[in-house]
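Following: one structure in structure tokens, then a few remarks.
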Amino acid sequence: MDSDPKESGSGAGEKGPDPADGSIAAPNSFAPNRWVKLNVGGQIYATTIDTLVGREPDSMLARMFLQDGSMMPSERDEQGAFLIDRSPRYFEPIINYLRHGQFVCDSNISILGVLEEARFFGIFSLVTHLEERLGQQEAPLGDRPLTRNDVIKAIIQTSVITELRFQGVNLSGADLRKLDFRNINFKYANMSHCNLSHTNLNYCCLERADLQFANLECAQLVSVRGLCANMEGANLRGCNFEDPTGVRTNLEGVNLKGACLESSNMAGVNLRVANLKNANMKNCNLRAAVLAGADLEKCNLSGSDLQEANLRGANLKDAELTLIINALHMSQAIR
């Protein structure tokens with residue numbers, strides 16, 4: 001057993017408390033190559049600071065030992081190991097994942113149990129891997145959401161002269177950012193909570209698709225057909241809807257309640273009878289847009305360009321219209 005540093009005294013070059021004395025060390029005393037002990041539910045694990053910090057620097061384990069002091073380490077046992085009140089059975093695959101980046105788990109250990117521990121510790125790359133693995137095991141192939149890899153595989157295997165259809169497909173929560181989806185049919189598809197930022201969706205069919213709370217920031221949506229699509233709470237900041245050939249993007253009857261469309265180019269877009277209640281349309285280009293019969297109650301239109309926009313029959317109750325670039329004409333009736 002190691003000698004107690006309190007009894008042996010401290011060397012002349014020592015600074016701060018020793019790891020075995022039971023006190024909480026200052027955050028800046030944790031060097032990357034330093035070894036530490038973790039007492040997880042009574043099981044001792046020895047590892048390095050670099051292992052805990054390197055792969056997942058934003059995890060709870062990393063923040064315990066980072067030099068920025070964002071989270072103080074836990075208390076220590078009589079041997080100086082940091083106490084963590086979690087299951088050692090599910091922690092071992094996690095510490096091994098942090099060591100070599102591969103998930104290895106004995107057949108008698110529940111993957112669901114490891115997933116819950118990974119969520120607790122904030123090991124998000126492992127969480128994503130385990131969620132996909134569990135989805136493949138537990139959900140029928142026709143029911144489970146497709147992943148990014150599934151979609152990319154379908155795109156690669158489809159000829160450029162063949163129509164690619166994801167009609168009615170479950171894509172909920174998928175990471176689809178920066179992909180090229182031009183001319184693809186997503187009619188009735190479940191794309192809720194998808195990450196579609198910087199995606200090219202030009203000439204796509206999104207008719208009656210579910211895009212609730214999806215992230216479409218800076219996406220290209222030229223000449224999209226989105227009749228009656230559900231985009232409630234979606235992020236469409238900085239999107240481009242304008243077709244230089246003059247073909248209108250059709251979002252007639254779309255649900256954009258609470259959506260963010262700030263700084264989007266929506267010139268000529270058809271938003272007839274759309275639900276835009278509480279939407280953020282600040283600084284949008286809405287020149288020649290059709291908003292007839294649209295519900296714009298409490299919509300923020302400040303700084304937007306509404307020149308030649310059709311607002312006949314639109315509900316603008318409590319809408320924010322300050323600093324609009326072009327004043328509304330009498331023909332653009334407000335009720």
Decide yes or no on side-chain hydrogen bond (donor to acceptor under 3.5 Å, both in side chains) for Asn149 and Thr147, but give the supporting numbers first. CA-CA 5 Å; Asn149 289 338; Thr147 65; 5.1 Å; no

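- To the nearest 0.5 angstrom, Leu221 atom CG is 8.0 Å from Asn240 atom CG.
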For the pair Leu61 and Leu98, evaluate side chain to side chain contact (heavy atoms under 4.5 Å, CB included) and give the outcome as yes or no after the intermediate values. CA-CA 10 Å; Leu61 289 170; Leu98 293 175; 4.1 Å; yes

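- The aromatic ring centroids of Phe103 and Tyr97 lie 6.0 Å or more from each other.
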Let's go through Ile111 and Arg133 carefully: what are the C-alpha distance in whole Å and the side-chain angles of both, what is the deciding distance for side chain to side chain contact (heavy atoms under 4.5 Å, CB included) to 0.1 Å, and is it a yes or a no? CA-CA 9 Å; Ile111 294 179; Arg133 185 162 170 173; 3.5 Å; yes

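- Judged purely by atom type and a 3.5 angstrom limit, Ser264 uses its side chain to pair as donor or acceptor with the backbone of Leu236.
- The minimum heavy-atom distance linking Cys284 with Ser304 is given by the pair N-OG, 3.1 Å.
- Connection of Phe181 to Leu164 is established within a shared hydrophobic cluster, with ILVMFWY side chains joined at heavy-atom distances below 4.5 Å, either directly or through further cluster members.
- With hydrogens and angles left out, the side-chain atoms of Asp210 and Gln212 include a donor and acceptor closer than 3.5 Å.
- Under the 4.5 Å side-chain criterion, counting only non-hydrogen atoms from C-beta, Val169 is not in contact with Asn190.
- Distance check: Leu306 CG to Asn285 CG gives 9.5 Å after rounding to the nearest 0.5 Å.
- Under the 4.5 Å side-chain heavy-atom criterion for Ile, Leu, Val, Met, Phe, Trp and Tyr, Val104 and Ile123 are members of distinct hydrophobic clusters.
- Partners of Asn250 under the side-chain contact (heavy atoms from CB on, under 4.5 Å) rule, at least two apart in sequence or in another chain, are Glu252, Asn270.
- One hydrophobic cluster, built from ILVMFWY side chains closer than 4.5 Å, cannot hold both Val290 and Leu256; they sit in different ones.
- Nearest heavy atom pair, residue Leu271 against residue Ala294, reads O-CB, 3.8 Å.
- In this structure, Ile84 CD1 and Asn39 CG are separated by 8.5 Å, a value rounded to the nearest 0.5 Å.
- The distance from atom CG of Leu130 to atom CG of Leu112, rounded to the nearest 0.5 Å, is 9.5 Å.
- Looking at Gln167 and Lys187, their side chains come closer than 4.5 Å, going by heavy atoms from C-beta outward.
- Aromatic ring orientation, Phe213 versus His193: parallel (interplanar angle below 30°, classes split at 30° and 60°).
- Applying the side chain to side chain donor-acceptor pair (under 3.5 Å) test to pairs two or more places apart or on separate chains, none has a residue in residues 100-112.
- A side-chain donor from one of Glu56 and Ser125 sits under 3.5 Å from a side-chain acceptor of the other.
- Cluster annotation: Leu227 and Met231 are assigned to distinct hydrophobic clusters (Ile/Leu/Val/Met/Phe/Trp/Tyr, side-chain heavy-atom contacts under 4.5 Å, transitive).
- Here the side chain of Thr249 pairs a donor or acceptor atom with the backbone of Phe241 at under 3.5 angstrom.
- The side-chain heavy atoms of Leu52 and Val36, taken from C-beta on, include a pair separated by under 4.5 Å.
- Thr51 places no side-chain N or O within 3.5 Å of a backbone atom of Thr47 that could act as its donor or acceptor partner.
- Distance alone, capped at 3.5 Å, places no donor-acceptor pair between the Asp150 side chain and the Ile152 backbone.
- Contact annotation: the side chain of Glu132 never approaches that of Leu134 to less than 4.5 Å [non-hydrogen atoms, C-beta and beyond].
- Annotation: side chain of Phe186 is in contact with side chain of Cys204 (closest heavy-atom distance under 4.5 Å).
- Cys218 approaches Cys239 most closely through the heavy-atom pair N-SG, 3.9 Å.
- For Asp58, the side-chain contact (heavy atoms from CB on, under 4.5 Å) test picks out no residue, with sequence neighbours left out.
- Take Asn200 and apply the side chain to side chain donor-acceptor pair (under 3.5 Å) test, not counting sequence neighbours, and it matches Asn202.
- Pairs engaging residues 83-95 under the side chain to side chain donor-acceptor pair (under 3.5 Å) rule: Arg86-Glu117 [sequence neighbours left out].
- Closest approach of Ala319 and Leu296 over heavy atoms only: CB-O, 3.5 Å.
- Here Gln157 pairs with Lys153 under the side-chain contact (heavy atoms from CB on, under 4.5 Å) rule; sequence neighbours left out.
- With hydrophobic clusters built from ILVMFWY side chains whose heavy atoms lie under 4.5 angstrom apart, Val127 shares a cluster with Met60.
- The shortest side-chain heavy-atom distance between Ile44 and Leu38 does not fall under the 4.5 Å cut-off.
- Not counting sequence neighbours, Arg248 has no partner by the side chain to side chain donor-acceptor pair (under 3.5 Å) test.
- Taken from CD in Glu217 to OG in Ser263, the straight-line distance is 10.0 Å, to the nearest 0.5 Å.
- Leu206 is not listed as a side-chain neighbour of Arg225, based on a closest heavy-atom distance of 4.5 Å or more.
- Within the structure, ring pair (Phe, Tyr, Trp, His ring centres under 6.0 Å) pairs that include any residue of residues 290-312 do not occur (at least two apart or interchain).
- Annotation for Val40 and Pro88: closest pair O-CB, 3.4 Å, computed over non-hydrogen atoms.
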Using the rule given for side chain to side chain contact (heavy atoms under 4.5 Å, CB included), can you reason through Asn185 versus Glu163, listing the C-alpha separation, both sets of side-chain angles and the distance that settles it, and then say yes or no? CA-CA 8 Å; Asn185 184 354; Glu163 181 186 8; 4.1 Å; yes

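- With sequence neighbours excluded, no residue forms a side chain to side chain donor-acceptor pair (under 3.5 Å) with Asn183.
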Just distance, no hydrogens or angles: give the donor-acceptor pairs under 3.5 Å from side chains in residues 275-283, sequence neighbours left out.
{"from": "Asn275", "atom 1": "OD1", "to": "Lys277", "atom 2": "N", "distance (Å)": "3.1"}
{"from": "Asn280", "atom 1": "OD1", "to": "Lys282", "atom 2": "N", "distance (Å)": "3.1"}
{"from": "Asn280", "atom 1": "ND2", "to": "Glu262", "atom 2": "OE1", "distance (Å)": "3.1"}

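- The ring pair (Phe, Tyr, Trp, His ring centres under 6.0 Å) test with Tyr45 is passed by exactly one of Phe91, Trp35, Phe82: Phe91.
- Looking at residues two or more places apart in sequence or on another chain, you find a side-chain contact (heavy atoms from CB on, under 4.5 Å) between Asp175 and Arg148, Arg177, Asn195.
- Taking CG from Leu176 and CG from Leu216, the interatomic distance works out to 10.0 Å, rounded to the nearest 0.5 Å.
- Residues Thr48 and Asp50 bring no donor and acceptor atom of their side chains to less than 3.5 Å of each other.
- Cluster partners of Val222, by chain and number: Tyr203. The rule joins Ile, Leu, Val, Met, Phe, Trp and Tyr whenever side-chain heavy atoms lie under 4.5 Å apart.
- Ala274 and Leu251 make their closest contact through CB-O, 4.3 Å (heavy atoms, listed as atom of the first residue, atom of the second, distance).
- Leu179 has its side chain out of reach of Leu196: every pair of non-hydrogen atoms, C-beta onward, lies at least 4.5 Å apart.
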Using the rule given for side chain to side chain contact (heavy atoms under 4.5 Å, CB included), can you reason through Asp305 versus Leu286, listing the C-alpha separation, both sets of side-chain angles and the distance that settles it, and then say yes or no? CA-CA 5 Å; Asp305 186 349; Leu286 288 161; 6.0 Å; no

